[in-house]
Structures are given as C-alpha cells and as structure tokens.
Protein chains: 2
Amino acid sequence: MTEQPATIIVDWGTTSLRASLVSALGTTLDTIETEGGIQFIRDGQFETALMTAIGNWFDQYGLLPVLAIGMITSRNGWVEVAYVDAPAGIGKLAGGTRSITLGNGAKLTFLAGLRNPAGQPFPDVMRGEETQIVGYGLEQNRTLVLPGTHSKWARIEDGRIERFQTYVTGEIFALLVKHSFIARSAVESDTIDWRAFDRGAALAGDESPTSDALLAAVFSARTGMLEGKLAPAEIHDYISGLLIGSEFRQARSVGWFRDGDTLGIVGNDGLNERYERVALLFGLTTELGPDDAAKRGILLVAEYNAGGSTSAI
Amino acid sequence: MTEQPATIIVDWGTTSLRASLVSALGTTLDTIETEGGIQFIRDGQFETALMTAIGNWFDQYGLLPVLAIGMITSRNGWVEVAYVDAPAGIGKLAGGTRSITLGNGAKLTFLAGLRNPAGQPFPDVMRGEETQIVGYGLEQNRTLVLPGTHSKWARIEDGRIERFQTYVTGEIFALLVKHSFIARSAVESDTIDWRAFDRGAALAGDESPTSDALLAAVFSARTGMLEGKLAPAEIHDYISGLLIGSEFRQARSVGWFRDGDTLGIVGNDGLNERYERVALLFGLTTELGPDDAAKRGILLVAEYNAGGSTSAI
C-alpha cells in the first residue's frame, strides 16, 4: 500500500466492535468487525478483547494511537467519559477526551459524547453522532438532521454545535412493523415503494390539523387496508413516510427549520434518501454530508489534541 | 334466583369467548369464559364450539335468544356483518344486525360494527365500542372517550353517534414498555405512581411548542433517568401520562373538545382513572359511564329489533 497506517479507530458498541486502520490522509486501509460487543465482556477484560481484535495491526505497524467511540465510553464500558456540554466545537470536544496507555505502550483515547443542557424537559445526550456533525463541517450556521433509530436534529452556530434534540422515530417504526397490529397484516418488500412512502409523508405534512394527530394517523395503516386503499405490501413504506413526515412536522413546530432553509443530512444507515425526500416536501433544500463523516470527525477531534491546542470553544 | 334468564350475550373475540346469562332487567345471572377464541376454531365449527360453551344454559332455561359481538362478526368470524355507517343511532345499528337460527331452534343475532365514512385519511371503524356508547346514553350532545389499546373518541349529536376517531395510544404504550429502549431500563411496579404520571401528562399538556413534539418527548424517559430526575420505577407511569396527555392534545387539535367541555368516559379496561385525571388537566369536566355500558348497549339494540321498529336514525 502506498499510504501508511497512522491511526486505529474503534467503534465499540453494545453488540459489536468495528475497527478501522486509517492513514494520515484519512484513507481507510483495512477494517475488522467482530461480535465482541461490550455486553459480552466479563470482569472488565476489555484490553484482552481489544488486543484479540486488533493486536495483529500493532504487530505489523507498530504502536499506532487508538481512538475509541461508542458505548465503550459509557458507564457500562471500559472508561466512562463525561459528556461535554453544548455549545461545543472541536476544541471543547477534544478537551473532553480521556486517554490511557495500553500494556504494549500504545495510547488509547476515548472520545466524549455531547450533552445539551438546554434540552426540554431534560438535558439531551448523544454519544457518537457529534463526530458525524464535526465531520459534516461546522463552517456554516445550519440545522442538520442525523437519521437513525434515535435521529438527532442539531444546530451549528459560529463553528460550534449549539444544541440538539433526539427523536425516537426509527425505534417507533421498528416497534410498529415488528410487534403491532401492523405486523400482523403488512407484508415486507425488498424494494422501497416510494408512492406509498410519499402518501404517508404527505399526510403528515398536510396543513390540516388532522395531521397533528399522529396517534390517530398511525391507525390509517389499518383503515387504509380495510378500505382497500392500501395494499399489505405498501404499509411499511406508508408508515415510514408518515413517521418521518411527523418528525419533520414536529421539528418545525419547535423551530428547527423554516420554509426555504437548507438542511444538512448526515448519516450512513440507509435512511438519508427518505429524509431527503421529506425535506423537499417540507420546502427545504438539502445538502448531504460525506459518507465518512464520523471518521472525519473523529480524526479532527484527535488531531486537535495532537496539535496540543486547548480551547474553550 | 328471583329474576329469570332472558338473553345470552356472547362476546367472542380472537382469543377468548365470554358469555353472560342476563335477565329481562339486564341483571347478569351467570357468566362463562373459555379460551376458545375464533382463531382456534377449525373448519367453521363455530356452532359446535358455541354449544359446548353455552349448551347447558339452553338445557336449563330453554331456547333463549343469543346476541353476539366481537370478532365473531368479522371476516374471520362466523358471519361477517357489514359495518353500519355513522351517523347512526340505535335504530340504524339494530337494522344492521344479522340473525341465524341454531340447530336447536334458538335465534342467534350478530351485532354490526360502526364505520365513520368521514374519517381522515380513510373511513374509521369500531367493532364493539359502539355498544358501549349506546350503553352510556345518546341523550346529550357530547364527546366521549373510550380508553383502550385503540382508544376511540366519539361525538354524540341528536341521539346518534355522529363520528369517531381511533387513537393507538394504548398500543404504543405497550410497545414502548415491552420492546423499546424503555423496556431495558424501566422497572415495573404494582402501584400507580400518580406523581410520575402527572409529570408526563403535564409535559404533553404544556402550552409550549415542545409539547407538540411527541417523537422527541418520548426520549425524555431516557434523559430523565440519565439526569437522575426519573427513577426506573417511575418510567412506566411517566410514559403513560405523556402518551395519554398527547392523545388529549392531539384530540383537541382536531376539535374533539374545547376548554370547559364535559367529556364522557366509558370503558372497563382499568384506564378510566388515568383518562379522568388527564381530562381535568385539560380543563374538562368528566362524566363516567356505567361499568356495564356494553351490556346495556347490546340489550338496547336487541330490544329495538324485538320491538319490531325500524328507523333510519
């Protein structure tokens, strides 16, 4: 390979460990994925598990620095890293990291999650998504949405993540299609039915007050079938559109965007196209972030520290 | 017994069969409950199953008329009874029944469900709740709520059920506490924590736009715990209050009630006290229906037919 390994990034979650070998230019040279999530680690044997996963890279390339994100930095992980409070830019996030030295002498740095003390009714939290936001870029004042099981809306102001809010849209979708009355009648399909998706989103985006009644609108998955207006194969995408549309409607009601705004969309969990489509329906212009936003963000935070700078931003 | 059996009421659902022996005055003299729901009936052997359940009553008391409600009247049941369209009063509901004669000569009448053709985005349906509404009484122009897995809001106007709307509140609650991130951290309790319930309801009832964002508010079950503001044992009732409060907020947005209205509450699934409490929070006066509203309604519909009257109401 022409580029040399410079850093190891470890995304260590509850159910899996994913590691990337990255060059100084940010190119991913190799990856490893194991099912050794932190829930399977007994008696705090995190270092043993880490060495089993990435020890070969140390043997081949020397004592590369390791950057860790994910639930490994939580109370149930290896080292609990306190959340950094928003507003926060790269400097403040970098200041919140915690480092240890591994038995072989390599440095392992745990990145901090982000807390929004202004969240209502309680301060909100994210652990990992902040790296995606940094990787998207903090240059422009803008609202971003990060689609996911627990999607995040975040505001960038003056080079910092100003505040953010979590929506449990993806989880509600999964619950409905797996365990509810919908699960008993809907039929899964391999392709996205954009027509059905748009119908659901349009219902949520409608100007009528009916569209505010999400708890009632969900029942239209059944009444639509009873009336022969929705086919069993359309239900999943109809409900997906209805829920993402409701997320936008609710996000608008609390001021995350106005008609005509540009919305950044960043994430890599396959939902971006759905969010883009709904954003257009709500009168927004969209700008997609890079696919490797998380990696970019992690490296930017780490480089800030390596540069020896400190900052209150 | 002093009162003589006059009617047999059968509530035959997907998973169970419940039968009541009722006097001419509406007194329940005996009950039977079996797990012989319609999903367990093979090859259309409904009559055999019914005779096994209530044959003794025929032997003892003669060929009493039988009134049947529940999924037994649906497409998957014994006799599919078409929905009656709202607006509908007792006469129109009575006109929608279908009767057959059993092998022993007794008359079996299946009651109709109700359809709201004005429902948005599709006509709404109920199958059984309409008897509770009739049993509550159609004398006064009033909005009723029938708490449940799929709660119903209904409007009584001029002695008829004018229109109604279904909210899937109870099902969303069950999904969240059984299968979501909440299930992993909440602790079930034997008693209702009214303080936690009220906190959730107050969040939904708040005048701030934040309270419109239900998909975000649900996440407060996690952030409240992370911040030490909600205990694991409080989560279930907090979420219950939040969801029922959101149902009221959404019902108000589509015009089901205004501040100062009287709201009828009818149902017997243990949720009435919760709904009453939230109704007060939303500035409503409440009037609870009788516990035996369903039985009263069934008998009123049946008596209308027995009286030989017909009506377009």
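All chains are named by letter (A, B, ...) in the order of the sequence lines, taking the proteins before the strands, and each is independently numbered beginning at 1. What you see below is based on every heavy atom in this structure, not just the backbone, and it leaves out hydrogens, waters and symmetry mates.
Of the atoms belonging to A/I172, it is side-chain heavy atoms, and not backbone ones, that fall under 4.5 Å from chain B. Heavy-atom distances place both the backbone and the side chain of A/Q120 under 4.5 Å from chain B. Residue A/S246 touches chain B through both its backbone and its side chain, counting heavy-atom pairs closer than 4.5 Å. When heavy atoms are compared at a cutoff of 4.5 Å, A/R249 does not approach chain B at all. Within the 4.5 angstrom heavy-atom criterion, atoms from both the backbone and the side chain of A/F181 approach chain B.
We find the NE2-OG distance between A/H179 and B/S180 to be 10.0 Å, quoted to the nearest 0.5 Å. B/F219 contributes atom CZ, which lies 9.0 Å from atom CD of A/E171 (distance to the nearest 0.5 angstrom).
When the candidates B/G255, B/G224, B/A174 are compared by the number of heavy-atom contacts under 4.5 Å with chain A, B/G224 comes out ahead. If you tally non-hydrogen atom pairs under 4.5 Å between each of A/A251, A/S220, A/G119 and chain B, the highest count goes to A/S220. Among the candidates A/V218, A/L243, A/V254, A/T166, the residue making the largest number of heavy-atom pairs closer than 4.5 Å to chain B is A/T166. Most heavy-atom pairs under 4.5 Å with chain B, from the set A/L226, A/L214, A/T169: that is A/L214. Top candidate by heavy-atom pairs under 4.5 Å with chain A, chosen from B/T149, B/L176, B/D124, is B/D124.
Below 30°, between 30° and 60°, or above 60°: for A/F122 and B/Y238 the angle between ring planes is between 30° and 60°, a tilted geometry.
Residues of residues 202-212 of chain B lying under 4.5 angstrom from chain A, judged on non-hydrogen atoms, are B/L203, B/P209, B/T210, B/D212 in numerical order.
Panel note: side chain B/Q250, backbone A/L215; a donor-acceptor pair is recorded below 3.5 Å. Put simply, the side chain of B/Q165 never gets that close to the backbone of A/A216: no donor and acceptor are under 3.5 Å apart.
The local environment of CD in A/Q39 is crowded, with over 12 non-hydrogen atoms from other residues, nucleotides or ligands closer than 6.0 Å.
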